[in-house]
Peer 1: 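Have a look at this one before I ask anything.
Each ligand, and each atom within it, is numbered from 1 in the order the structure gives.
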Amino acid sequence: MSAPAEPLGEYIGAQCRRVDEALSRFLPGPPACPPPLSEAMRYSLFAGGKRFRPVLVLAAAEEVAATPSLQEPPGQAATREDAHRLALPAACAIEMIHTYSLIHDDLPAMDDDTLRRGRPTLHMAHGEGTAILAGDGLLTEAFALLSREPACGEPVLLRRRMQTLSEIARAAGALGMVGGQAIDLAAAGAATPGGDGAAFDLERLREMHAMKTGALIRASAIAGAIMAGGTSAAIAAIADYASALGLAFQIVDDILDVEGATEDLGKTAGKDAAAGKPTYPAIVGLERSRHLAAEAHAESGRALARVGIDGGRLHEIAEWVVGRRN
Ligand code: GRG
């Protein structure tokens, strides 16, 4: 697989514009949706997130669409436009779910944070009640979107849509993101001297993050591969790539919480350590954390190589994630 011609920065910029336009179209607005709720949902959704998960959905769909041997039944290369039409609803639904999770994570009852994506958190700007409802609204609208788009009557597409919805629901729910958040909530203070840090070893940390952040990242890549008609071997390889990528993303996030500046991160730096949260640097130190991130990155490349798509856009996205500063 040869390296893509368009530089990654331009590629990501174009995908972000595509996602923003579709999010604007898919999200209900006034008069049917009460204006304060609509404003609150949009405040957080269009606050300048990196759009990493939707970019991953679209890149996985493009890769499968462009590679006939990865398609079931073996097909002809489809256009990028086809891949976008099929995968954009899932890309947008996942960004809505991710944004809801950040809104709820910032609430006083959870992480109690005042800064997100470089501006006041939603409950600071619009009040706690509205922030809770905006999160609920985004989560529910995400599944409404997945249940109706892309509009089609063909059994093969309906089956893909249902499989995608089911993967995303499992990743977002009690066995995925919400479950991981519950473990995290219970673990606050575990990494402080005198806390039960010893009980929170590397394996438990990895499991918690695989649920809390990894599951939705994995579901993003899987959703793109399913919607573009990937074979089970292609979907499995892309899922393994994204599991390793999700781990690398989280380790880098933990390192940035220690080393990054609040202005760059757009959220309060140093919060995890202050809350005594079990993180990679807290459990194994910065040096070993960097090493583990590099290992996970390499693992993501090996998964892609299994189906001959290493060196393409998904590989570049992994490099972006590991090298990011925010
Ligand atoms: C409240 C149900 C519920 C879940 C919250 C994901 C999560 C679970 C909380 C977020 C806490 C956090 C900062 C986790 C670290 C990894 C992460 C999800 C970072 C934010 O994702 P980015 O960097 O954010 O993709 P942007 O703003 O760029 O979209």
Peer 1: Does some side-chain heavy atom of Asp136 sit less than 4.5 Å from a side-chain heavy atom of Tyr100?
Peer 2: no
Peer 1: Select one of side chain, backbone, both or neither to describe which atoms of Gln250 lie under 4.0 Å from any atom of ligand 1, heavy atoms only.
Peer 2: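 The answer is the side chain.
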Peer 1: Atom 17 (C) of ligand 1: which of Asp105, Thr213, Leu216, Ile103 has the nearest heavy atom?
Peer 2: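 Minimum heavy-atom distance to atom 17 (C) of ligand 1 goes to Thr213.
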Peer 1: Which one holds for Asp111 and ligand 1: side chain close, backbone close, both close, or neither close, with close meaning a heavy atom under 4.0 Å?
Peer 2: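 The answer is neither.
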Peer 1: Regarding ligand 1, does His98 bring an N or O atom to under 3.5 Å of one of the ligand's N or O atoms?
Peer 2: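 Yes.
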Peer 1: Please could you name the atoms of ligand 1 that Tyr100 approaches to less than 4.0 Å, counting only its heavy atoms?
Peer 2: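 Near Tyr100, the atoms of ligand 1 are 2 (C).
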Peer 1: Quick one: which of Lys212, Arg324, Met211, Arg51 has a heavy atom closest to atom 7 (C) of ligand 1?
Peer 2: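 Checking each option, the heavy atom nearest atom 7 (C) of ligand 1 is found in Lys212.
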Peer 1: Using only heavy-atom distances, determine whether the side chains of Glu295 and His291 contain a donor-acceptor pair under 3.5 Å.
Peer 2: yes
Peer 1: With heavy-atom distances below 4.5 Å as the criterion, would you say the side chains of His123 and Pro108 are in contact?
Peer 2: yes
Peer 1: Please indicate whether any nitrogen or oxygen in His104 is less than 3.5 Å from any nitrogen or oxygen in ligand 1.
Peer 2: no
Peer 1: Need the ligand 1 atom indices (1-based, order shown) with element for anything under 4.0 Å from a heavy-atom of Phe249.
Peer 2: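 Reading through ligand 1 atom by atom, the close ones are 16 (C), 17 (C), 21 (O), 22 (P), 23 (O), 25 (O).
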Peer 1: Examine the side chains of His104 and Gln181 and answer whether a donor and an acceptor come within less than 3.5 Å of each other.
Peer 2: no
Peer 1: Using the ring of Tyr11 (Phe, Tyr or Trp, six-membered ring only), decide whether Arg313 places NZ or CZ under 6.0 Å from its centre and within 45 degrees of its axis.
Peer 2: yes
Peer 1: Leu292 versus Leu202: any side-chain heavy-atom pair under 4.5 Å?
Peer 2: yes
Peer 1: Going by heavy-atom distance to atom 26 (P) of ligand 1, choose the closest among Glu95, Arg116, Arg117.
Peer 2: Arg117
Peer 1: Could you say whether the N/O atoms of Arg53 and ligand 1 ever approach to under 3.5 Å?
Peer 2: yes
Peer 1: Shortest non-hydrogen contact from Glu95 to Pro54?
Peer 2: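 Smallest interatomic distance, heavy atoms only, reads OE1-CD, 3.1 Å.
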